[in-house]
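Comments concern the structure below.
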Amino acid sequence: METVEERPGLAATLQALNVALGRPASLWVKESSARNLRHRDFLAPRAALGAAYAGGQVGKPREGRRAVGRPRRGARPGRALTVRSSQVPSDVIAAVTALEGPGVLAVRCCRQTGAGLEVQLRRCEAFRRLLGHAPGPGPAPAPLPSPETAVVLHCPALRCPGSLTPRHLRPVLLADHLVQLLRARGVSTFLVPTVTDKRSREVLQQLRVEWPSSGTASPETVSALKRALSRCPYATRCERGSGVASQPEDVICQVHLKSFVEQQGLEGYDPNLGVLLVTEEKLRSLAELQQAVLQGTAGCQESCCSVVHVVSCEEEFQQQQMDLLWRILDPGAHVDLQKHLVCGPVKVTKPASPITADQYFQLRKRQMYDASVMKYGELAQDEAWTEVIDILAVAAIRFEMLSTAHRSQITLDLEDSSISTKGTKSGAFVMYNCARLATLFDTYQRAVERGTYPPLPPASELNFSCLREEGEWLLLFSYLLPFPEVLQQAAWLPPPSKGLRITANTEAVCKFLIQLSMDFSSYYNRVHILGEPFPHLFDQMFARLHLLGAVRDMFHSALATLHLPPLSQI
């Protein structure tokens with residue numbers, strides 16, 4: 001029986017390189033710049049080697065070696081600086097060169113230079129092994145929640161009265177992105193709260209956000225929380241006519257949160273937390289969360305379900321109040337697994353008036369339409385472009401909201417009329433390059449049907465030694481190889497080291513797609529893929545098409561985590 005070769009992975013290769021050095025610490029750096037990739041793929045820097053082998057053979061000085069560096073004071077310009085170098089043991093170099101194992105890329109050569117220990121891979125073999133696999137999530141070498149783990153993503157912004165605003169959209173879009181990433185890893189996810197407001201549902205549909213719109217907290221769960229509240233030692237009843245003029249009519253009691261925090265010795269909560277007025281609405285919110293947790297824990301241990309509150313910085317204080325109220329009323333194991341993923345502020349520059357999420361979408365849609373008409377003329381006014389313009393507007397908004405680290409501020413310039421379909425930092429630019437790939441393969445397929453080119457052979461029959469252009473190795477090594485780890489790291493929600501907040505790499509996929517689009521665009525503009533239909537040119541053309549087919553599939557997989565469909569035209 002033919003064995004299936006394991007897909008090479010970046011983590012597996014780095015781990016094998018560290019084992020070859022005989023050191024548990026990670027000493028190797030993956031190169032990413034096109035300039036360095038011309039002569040090396042991995043580097044163990046000289047300083048790191050010297051520290052790791054302190055007292056051993058590496059780290060001993062060898063006199064007379066030269067390296068370019070900052071000149072000594074008084075030294076003549078152009079004269080190299082004499083430095084002390086380190087000699088790596090020959091058996092270490094031999095071990096690195098003989099690297100092998102499941103998922104490990106083979107090494108062509110290992111040499112010591114002034115920069116450190118440099119490794120170059122067997123590139124033709126790397127092309128063959130990587131292009132024979134679909135660019136899906138792949139192996140998950142780093143720790144992740146197991147497939148049995150469940151995550152409840154809670155977005156309190158969807159409970160805010162009135163119209164949604166760009167500030168509300170940020171945590172919602174982040175949670176929607178996290179859902180897709182977690183589900184791709186086999187993690188069960190549940191979204192809270194249910195969106196019952198018609199206007200909010202319509203805005204979410206425009207932005208291609210899939211959020212539950214049916215199901216509410218059961219009266220039995222709310223009643224159970226009320227009974228727990230009546231027995232709560234931190235709760236006191238609010239008597240009518242007690243002088244609290246602004247007290248809402250539906251207040252059930254007040255809970256002394258600060259006393260609970262002090263007695264329990266809890267850390268990370270706002271020191272200004274004092275007394276919380278508990279209403280029916282707050283209990284319904286907790287009941288809905290509790291029901292989602294029960295769904296997540298069905299058939300497995302309670303501790304396997306965690307709750308992530310995805311909140312804006314403006315909502316953080318109120319969510320801490322609800323966090324504590326839940327701990328007080330239901331001191332089960334799952335409430336200790338609450339995490340707070342806090343989004344930074346969204347600043348809108350020079351708004352004529354407060355803008356709603358719907359107005360924000362319509363503005364970006366109109367700007368995308370104007371930019372498309374300017375570039376493509378009357379073609380962009382065709383009805384077939386309606387969905388294209390909608391997707392471009394959604395892509396622009398999602399990349400604006402998600403390509404910045406969640407804890408940082410976002411500034412939206414809504415008066416900037418120069419928005420373009422090709423600005424290299426925009427979601428439209430990513431969609432544009434995705435469409436270019438679709439056009440390339442559509443053109444090739446039509447040429448095959450006309451008999452101009454033969455059909456694309458399988459990867460096993462191709463000669464990948466034809467791929468010698470530096471952009472081709474950059475696409476494979478910097479994108480196809482680490483793509484599974486990018487998805488994995490973006491989905492990883494580590495427990496808070498201290499306090500309540502967690503930090504996630506939710507910007508990773510957007511940044512990856514932007515950089516991929518820039519490097520792909522540079523390569524595509526430089527290299528003619530579909531050449532003249534001469535048989536002696538087919539080997540290189542087929543190899544390039546297989547490479548770009550894998551890049552296209554990677555685009556599609558990454559865009560799916562953003563709820564963005566691939567475009568066939570733009």
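Values below: every heavy atom of this structure, side chains too, minus hydrogens, waters and symmetry copies. Sequence positions, counted from 1, serve as the residue numbers for this chain.
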Expected output: side-chain [X] to main-chain [Y] donor-acceptor under 3.5 Å:
X: R170; Y: G344; answer: yes
X: T349; Y: L412; answer: yes
X: R398; Y: L562; answer: yes
X: S230; Y: R227; answer: yes
X: R7; Y: G103; answer: no
X: H340; Y: V311; answer: no

Which atoms form the tightest heavy-atom contact between [X] and [Y], and what is the distance?
X: T503; Y: H406; value: CA-NE2, 3.6 Å
X: A490; Y: V509; value: CB-CG2, 4.1 Å
X: L493; Y: A504; value: CD2-CB, 3.8 Å
X: S372; Y: L392; value: OG-CD1, 4.1 Å
X: V195; Y: L158; value: CG2-CD1, 3.8 Å
X: A287; Y: A217; value: CB-CB, 3.6 Å

What verdict does the side chain to side chain donor-acceptor pair (under 3.5 Å) test give for R436 and S521, after you've listed the backbone C-alpha separation in whole Å, the side-chain angles of each residue and the deciding distance to 0.1 Å?
CA-CA 9 Å; R436 294 172 88 182; S521 181; 3.1 Å; yes

Surrounding CD of E387 (heavy atoms of other residues, nucleotides or ligands, distance under 6.0 Å), is the total greater than 12?
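Atom CD in E387 is not packed in, count stays at 12 or less.
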
So with a 6.0 Å cut-off around NZ of K258, is the heavy-atom count from everything else above 12?
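Not more than 12 within 6.0 Å, no.
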
F399 ring center within less than 6.0 Å of F429 ring center
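No, they do not, as the ring centres are separated by 6.0 Å or more.
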
For the residue pair F520 and F555, does the interplanar ring angle fall in the parallel (under 30°), tilted (30 to 60°) or perpendicular (over 60°) class?
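Rings of F520 and F555: perpendicular, over 60°.
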
Are the side chains of [X] and [Y] in touch, meaning some heavy atoms are under 4.5 Å apart?
X: M322; Y: E315; result: no
X: L277; Y: V255; result: no
X: L475; Y: L480; result: no
X: L513; Y: M554; result: no
X: E281; Y: S285; result: yes
X: S312; Y: R167; result: yes
X: L273; Y: Q320; result: yes
X: M374; Y: D370; result: no

Answer with yes or no whether the side chains of S213 and R201 bring together a donor and an acceptor at under 3.5 Å.
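No, because no side-chain N or O of R201 sits under 3.5 Å from a partner of the opposite role on S213.
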
Taking atom types as modelled, is there a side-chain donor on T236 or Q254 under 3.5 Å from an acceptor on the other?
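Their side chains do contain a donor-acceptor pair, which is all the 3.5 Å distance test asks for.
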
Quick one: pull up [atom1] in [X] and [atom2] in [Y] and give me the separation to the nearest 0.5 Å.
X: E485; Y: L481; atom1: CD; atom2: CG; result: 7.0 Å
X: S426; Y: R364; atom1: OG; atom2: CZ; result: 10.5 Å
X: C160; Y: H168; atom1: SG; atom2: NE2; result: 3.5 Å
X: D270; Y: L324; atom1: CG; atom2: CG; result: 10.5 Å
X: Y369; Y: D390; atom1: OH; atom2: CG; result: 12.5 Å
X: C343; Y: Q409; atom1: SG; atom2: CD; result: 13.0 Å

Among L337, V151, V293, L153, side chain to side chain contact (heavy atoms under 4.5 Å, CB included) partner for V307:
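By the side chain to side chain contact (heavy atoms under 4.5 Å, CB included) criterion, V307 pairs with just one of L337, V151, V293, L153: V293.
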
May I ask you to establish whether R327 and F260 are in a cation-pi arrangement, using a distance under 6.0 Å from NZ or CZ to the six-membered ring centre and at most 45° from the ring axis?
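The answer is no, since R327 fails at least one limit relative to F260.
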
Measure from NZ or CZ of K365 to the centre of the six-membered ring of Y360, then state whether that distance is under 6.0 Å and the direction lies within 45° of the axis.
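Because its charged atom misses either the 6.0 Å distance or the 45° angle limit, K365 does not stack over Y360.
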
Partners passing salt bridge (charged side-chain N to carboxylate O under 4.0 Å, His left out) against D442 (at least two apart in sequence or in another chain)
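D442 satisfies salt bridge (charged side-chain N to carboxylate O under 4.0 Å, His left out) with R446 once adjacent residues are dropped.
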
If the test is side chain to side chain donor-acceptor pair (under 3.5 Å), which one of Q290, Q291, E288 qualifies with T221?
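Between T221 and the candidates, side chain to side chain donor-acceptor pair (under 3.5 Å) is satisfied uniquely by Q291.
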
Does the side chain to side chain contact (heavy atoms under 4.5 Å, CB included) test come out yes or no for N505 and W492, once each step is laid out?
CA-CA 8 Å; N505 296 316; W492 175 230; 5.8 Å; no

Steps toward side chain to side chain contact (heavy atoms under 4.5 Å, CB included) verdict (W211, S200):
CA-CA 10 Å; W211 205 276; S200 296; over 6 Å; no

Worked check of side chain to side chain contact (heavy atoms under 4.5 Å, CB included) between L325 and L276:
CA-CA 8 Å; L325 179 61; L276 173 66; 4.0 Å; yes

Using a strict threshold of under 4.0 Å (side-chain N to carboxylate O), is an ion pair present between R208 and D176?
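Answer for the salt bridge query: no.
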
Please lay out, stage by stage, how Y269 and D323 fare under the test side chain to side chain contact (heavy atoms under 4.5 Å, CB included).
CA-CA 10 Å; Y269 290 91; D323 174 308; 2.7 Å; yes

